[in-house]
Amino acid sequence: MNLNVFSEHFSSIEDTRQSAKITYPLFDVLFLTLCAVIAGCQGWEDIEDFGENRLSWLQKLGFFALGLPVHDTIARIIARIEPTQLQHCFANWMQAVAMLTDGEVVAIDGKTLCSSYNRKNRCSAIHMVSAFATANGVVMGQVKTEDKSNEITAIPELLDLLSIKGCLVTIDAMGCQKEIAAKIVDKGADYLLAVKGNQEKLHEGIQAAFRKHLKSEPEQLQSIEKAHGRVEYREYHVLDSRLLPANVTNAWVGLKAIGLAISYRMTKHKESRLEYRYFISSAALTSCRFAKAVRSHWGIENKLHWVLDVSMDEDDNQIFRGHAAANMATMRHLGLNMLRAETSKAMSMPRKQRRAHINEAYLEQVLLAGLSMNKK
């Protein structure tokens, strides 16, 4: 198995240990941690136990010539890695192995790691902001913040890591900021940003434009879905941004379209819900493309955050010392990308993890699939 692509991108991480006292190379420990995460391991002892069971396989690949470190040593090594270095390596590696198609939706959203707080301060749980390519279901990059309110400053940092030329970047209302919109356009991409009351004049202008528009009963894109005991009606509208006041339009770089998504949900034994959601975009969207992008954005919740919590038990993970929580979050993203890349047989994520845990050949298959995403 050729690990050159992986080693080239992750060997640049600085090892802050005293060189004379290094018994276990940093890259060896990183590789062990990645394989253990792919195999469903969650804590340090799990990683040590996995390594002991796979030591001969690891040594055959050239790792751990002097034997395996104990779990406390693994924890100390991972906790000392500077998260920004690991996140940069991850983003560079993803650019090397995963190719984004022109017009692909890249959703950006944050997730709090609920159990990552320092045990002396329950308010210190970290928040990871991730970029998710919705078409192929892989994480393209992530950055750590200390709380959700810092997403506004974290999103530009994340955009700096990404190669998103030609993509459509979707962000919820917290990311609806002029500076973020300008950054996306500077990167050669288009934005689709949700708009709420935090941008008061913009929100009011869009609402007024669509109130007038809806009275004329124009052509519109509609859909009705029935599933899981509920019925949901959706309606999508797109208008030219020039219908907004000029001072509002001119404040947003490249603004071309405004959008409205209407949803009405009826669920058995629950109160019906009607929702109007407003958007701005630098792309000249059709109703069809707008609808697809709005629906695709929720892939980051359903295909990433939900999977991290249900399949990888992220919210209940008790790791918190040093930089370990942020670094393990990055390793889970890396492992999830590789598991998703392995498509030889349709299997659930937990089943893939179990198979990787008990079968070295399948673990190699997952690693090889992850190292050659761009060839698929």
Side-chain angles (χ1 to χ4, degrees), residues 101-109 111 132-138 167-176 190-197 199 202-241 243-244 255-311 340 343 346 348-349:
T101 58
D102 192 43
E104 183 166 345
V105 174
V106 175
I108 293 180
D109 197 16
K111 179 183 183 296
F132 185 71
T134 60
N136 55 10
V138 296
C167 295
L168 181 63
V169 179
T170 63
I171 313 176
D172 64 17
M174 181 174 284
C176 186
D190 284 308
Y191 57 79
L192 177 64
L193 308 178
V195 181
K196 290 186 178 178
Q199 295 290 344
L202 177 63
H203 191 234
E204 290 175 353
I206 296 174
Q207 284 181 314
F210 278 110
R211 274 196 298 268
K212 183 177 180 180
H213 168 75
L214 292 173
K215 287 179 181 178
S216 65
E217 297 184 5
E219 291 185 6
Q220 55 205 11
L221 182 64
Q222 302 172 335
S223 68
I224 298 177
E225 295 181 5
K226 298 180 181 180
H228 308 294
R230 69 172 183 263
V231 178
E232 188 159 2
Y233 168 83
R234 295 188 180 91
E235 192 174 299
Y236 300 92
H237 302 261
V238 177
L239 295 175
D240 193 304
S241 65
L243 293 172
L244 297 176
L255 180 57
K256 290 187 177 69
I258 57 176
L260 168 62
I262 304 172
S263 63
Y264 181 68
R265 176 180 291 185
M266 294 180 292
T267 306
K268 189 178 291 187
H269 308 307
K270 291 185 179 180
E271 187 176 348
S272 298
R273 180 181 176 186
L274 176 65
E275 185 177 18
Y276 288 71
R277 290 179 290 148
Y278 300 96
F279 299 83
I280 58 172
S281 181
S282 61
L285 299 174
T286 62
S287 296
C288 185
R289 189 183 176 201
F290 170 60
K292 185 177 179 181
V294 170
R295 298 296 301 276
S296 293
H297 178 79
W298 295 109
I300 196 169
E301 293 289 346
N302 302 329
K303 297 179 182 178
L304 177 61
H305 296 165
W306 187 86
V307 173
L308 288 170
D309 283 341
V310 174
S311 297
R340 279 241 165 86
T343 57
S348 67
M349 198 61 63

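Because the structure is a prediction, the values reported are computed rather than measured.
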Heavy atoms, side chains only, cut-off 4.5 Å: are [X] and [Y] in contact?
X      : Y      : result
Val307 : Arg340 : yes
Arg277 : Val294 : yes
Tyr191 : Ile171 : no
Arg295 : Tyr236 : yes

Calculate, to the nearest 0.5 Å, the distance between atoms [atom1] and [atom2] belonging to [X] and [Y] respectively.
X      : Y      : atom1 : atom2 : answer
His237 : Ser287 : NE2   : OG    : 8.0 Å
Leu244 : Leu202 : CG    : CG    : 6.5 Å
Asp109 : His305 : CG    : NE2   : 5.0 Å
Ile224 : Arg234 : CD1   : CZ    : 11.0 Å
Ile300 : Ile108 : CD1   : CD1   : 8.0 Å
Ser241 : Ile280 : OG    : CD1   : 9.5 Å

State, to 0.1 Å, how close [X] and [Y] come at their nearest heavy-atom pair, and which atoms those are.
X      : Y      : answer
His213 : Leu239 : ND1-CD2, 3.4 Å
Ala283 : Ala257 : O-CB, 3.5 Å
Ala194 : Cys176 : O-CB, 3.2 Å
Met349 : Ser311 : CB-OG, 3.8 Å
Val105 : Ser296 : CG1-CB, 4.1 Å
Met266 : Ser272 : CG-OG, 3.6 Å

Aromatic ring pairing Tyr278/Tyr276, orientation class (parallel under 30°, perpendicular over 60°, tilted between):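 Tyr278 and Tyr276: parallel rings.
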Test log, rule side-chain contact (heavy atoms from CB on, under 4.5 Å), inputs Leu192 and Leu285: CA-CA 10 Å; Leu192 177 64; Leu285 299 174; 4.0 Å; yes
salt_bridge(Asp309, Lys111) N-O dist < 4.0 Å: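 Counted as a salt bridge, because a side-chain N and a carboxylate O are separated by less than 4.0 Å.
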Glu271, CD atom: more than 12 neighbouring heavy atoms under 6.0 Å: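 No, because the 6.0 Å sphere around CD of Glu271 holds 12 heavy atoms or fewer from other groups.
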Positive for side chain to side chain contact (heavy atoms under 4.5 Å, CB included) with Ser281, one of Leu255, Leu193, Ile258, Leu168: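 Exactly one option meets the side chain to side chain contact (heavy atoms under 4.5 Å, CB included) with Ser281, and it is Leu168.
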